[in-house]
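For reference, the structure is listed below as structure tokens.
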There are 2 protein chains.
Amino acid sequence: MARRAGSNGAETAEKLRNAALELFARSGYAAVSMRAIAAKTGVQAGAIYNHFPTKQDLLNELLQVHMETLLEAWEEAEDLDLAPPQALEHFVRFHIRYHLDRSREVFISYMELRSLEEKNFRIIEQLRRSYETVPRAILERGAADGSFAIIDPQLTTMAIIAMLTGMTTWYRENGRLSLDEIEALYVRLVARLVGQKKED
Amino acid sequence: MARRAGSNGAETAEKLRNAALELFARSGYAAVSMRAIAAKTGVQAGAIYNHFPTKQDLLNELLQVHMETLLEAWEEAEDLDLAPPQALEHFVRFHIRYHLDRSREVFISYMELRSLEEKNFRIIEQLRRSYETVPRAILERGAADGSFAIIDPQLTTMAIIAMLTGMTTWYRENGRLSLDEIEALYVRLVARLVGQKKED
DNA sequence: CGATAAAATAAACAAACGTTCATTTAATTG
DNA sequence: CAATTAAATGAACGTTTGTTTATTTTATCG
């Protein structure tokens, strides 16, 4: 019933985020209690409210921060001088690396959309849409300059995103293929999808 | 507090399944109460236990029946006389048609794996693995007879499944493209992924 | 160093949950 | 047609949930 010696609000909040992230990814938002998150962090459930006003705010922050940092990371990584084939490769490599380092965030950013309240959902959805415009724009550039033979820009975009994002559901470290190998193979698969002239 | 006139156990059970399916798909298993399912069906929560021993059994049945009927449907639809390119097209068309008619079942079959108890999870997971062998086998047949130039059979299989299954998250009736058009476009996209000789 | 703010606990609250059970009525069976 | 089974309700049970609040201790600030 007293503040603990050595306690540090920022550290506790970060631990709570990580605990929530892991538990939400494993069992789902609604199935995880605040007591479970607190216990995993090493505090009591009431302490969570020092840092997050509600359970929903905790989830929303996890999702929003993930999406915003993703967009920022892409903004930094993007190289506007690349021709479409190289730009697409750059995007594929970025996406795979970024997402496999954050497979839990990716997972709940898809799986827990249902758990968001309407206004939170809208914000996250918009951020997702922003990200989806990235490969779409590359495809359209490639189609315009003749380096890609696109079957349908929107369908192809959605197919690429599904392929790339689907990796988080089956990728395992120490699997048959290294991350580098997988990345290279996916670059080739994506090049096929867009009908890239340099493939084969 | 009495049996209702005209009540029919089989019909009520079916309504409960449909209500559960819709609610689980919308909000997630853990977030949906038995009272909500009952209310949607037009009975009281206690009535559910006449038909399903537990909430988990209800979910498990939904998932298991879906996977089993999928495999049966493929068994019927499969045509062993087709050459790999036609067999792959046949599979893609089957998959799209079957899954878009059952987008809710597909959705929870992926989203609610986390909500299954261990032994139920194993069963469903095995059924999913069985289904995944279907396109894999076609790819290997095509690679063996030279009609496909496969980059990596397992990766390509996973990419195809992700693409096809990802459709359920964005497909809308009355969208820009009809179902027939989407199907035809996906057949072509998949043909590219496998490096089918007849494409282009 | 005293005052203030922060961070934690324990207890409690009201609500909700999955499930059980006694009761009543309807359907089925022989 | 009477007995049995099925199907539903309403009430209740024990448990769990998100959250609040009073209290205590620690850290920070001026």
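Within every chain, numbering begins at 1; the chains are lettered A, B, ... in the order of the sequence lines, protein sequences first and strands thereafter.
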I want to confirm an ordering. Mapping B:Tyr29 and B:Ala2 to their closest nucleotides on DNA chain C, which one lands closer to the 5' end?
B:Tyr29
Is any side-chain nitrogen or oxygen of B:Ser33 closer than 4.0 Å to OP1 or OP2 of C:dC17?
yes
Judged by nearest nucleotide, the residue sitting upstream toward the 5' end of DNA chain C, B:Ala30 or B:Gly6, is B:Ala30
Quick one: is A:Arg4 getting a side-chain N or O under 4.0 Å of the C:dT9 phosphate, OP1 or OP2?
yes
Considering only D:dT20, D:dA8, C:dT19, which nucleotide approaches the side chain of B:Ser7 most closely?
D:dA8
Looking at C:dA8, I'd like to know if its phosphate oxygens (OP1 or OP2) sit under 4.0 Å from a side-chain N or O belonging to A:Thr12.
yes
Are any of the side-chain nitrogens in A:Lys55 or A:Glu112 under 4.0 Å away from the carboxylate oxygens of its partner?
no
Between D:dT9 atom P and B:Leu16 atom CG, what is the distance in whole Å?
10 Å
Go through the N and O atoms of the side chain of A:Asn50 and the base of C:dA6, and report whether any donor-acceptor pair is under 3.5 Å.
no
Length of the line joining A:Lys15:NZ and C:dA7:P, which is rounded to integer Å
13 Å
Could you state the atom-to-atom distance from CZ of B:Arg35 to P of D:dA11 in whole Å?
13 Å
Does A:Gly46 reach a base, just sugar-phosphate, or nothing at all? Heavy atoms under 4.0 Å.
base
Would you please confirm or rule out a distance under 4.0 Å between OP1 or OP2 of D:dA8 and any side-chain N or O of B:Gln44?
no
Pick base, sugar-phosphate or nothing for A:Ala47, based on heavy-atom distances below 4.0 Å to the nucleic acid.
base
Which one, D:dT19, C:dA8, D:dA8, comes nearest to the side chain of A:His51?
C:dA8
Taking only Lys NZ, Arg NE, NH1 and NH2, and the carboxylate oxygens of Asp or Glu, determine whether A:Lys197 and A:Asp145 approach each other closer than 4.0 Å.
no
Presence of salt bridge, A:Glu14 and A:Arg17, under 4.0 angstrom
yes
Is a salt bridge present between A:Glu132 and A:Arg136, judged by a nitrogen-to-oxygen distance below 4.0 Å?
no
Are A:Val43 and A:Lys15 packed together at the side-chain level, in the sense that at least one heavy-atom pair is separated by less than 4.5 angstrom?
no
State which of D:dT9, D:dT19, D:dT25 makes the closest approach to the side chain of A:Arg3.
D:dT25
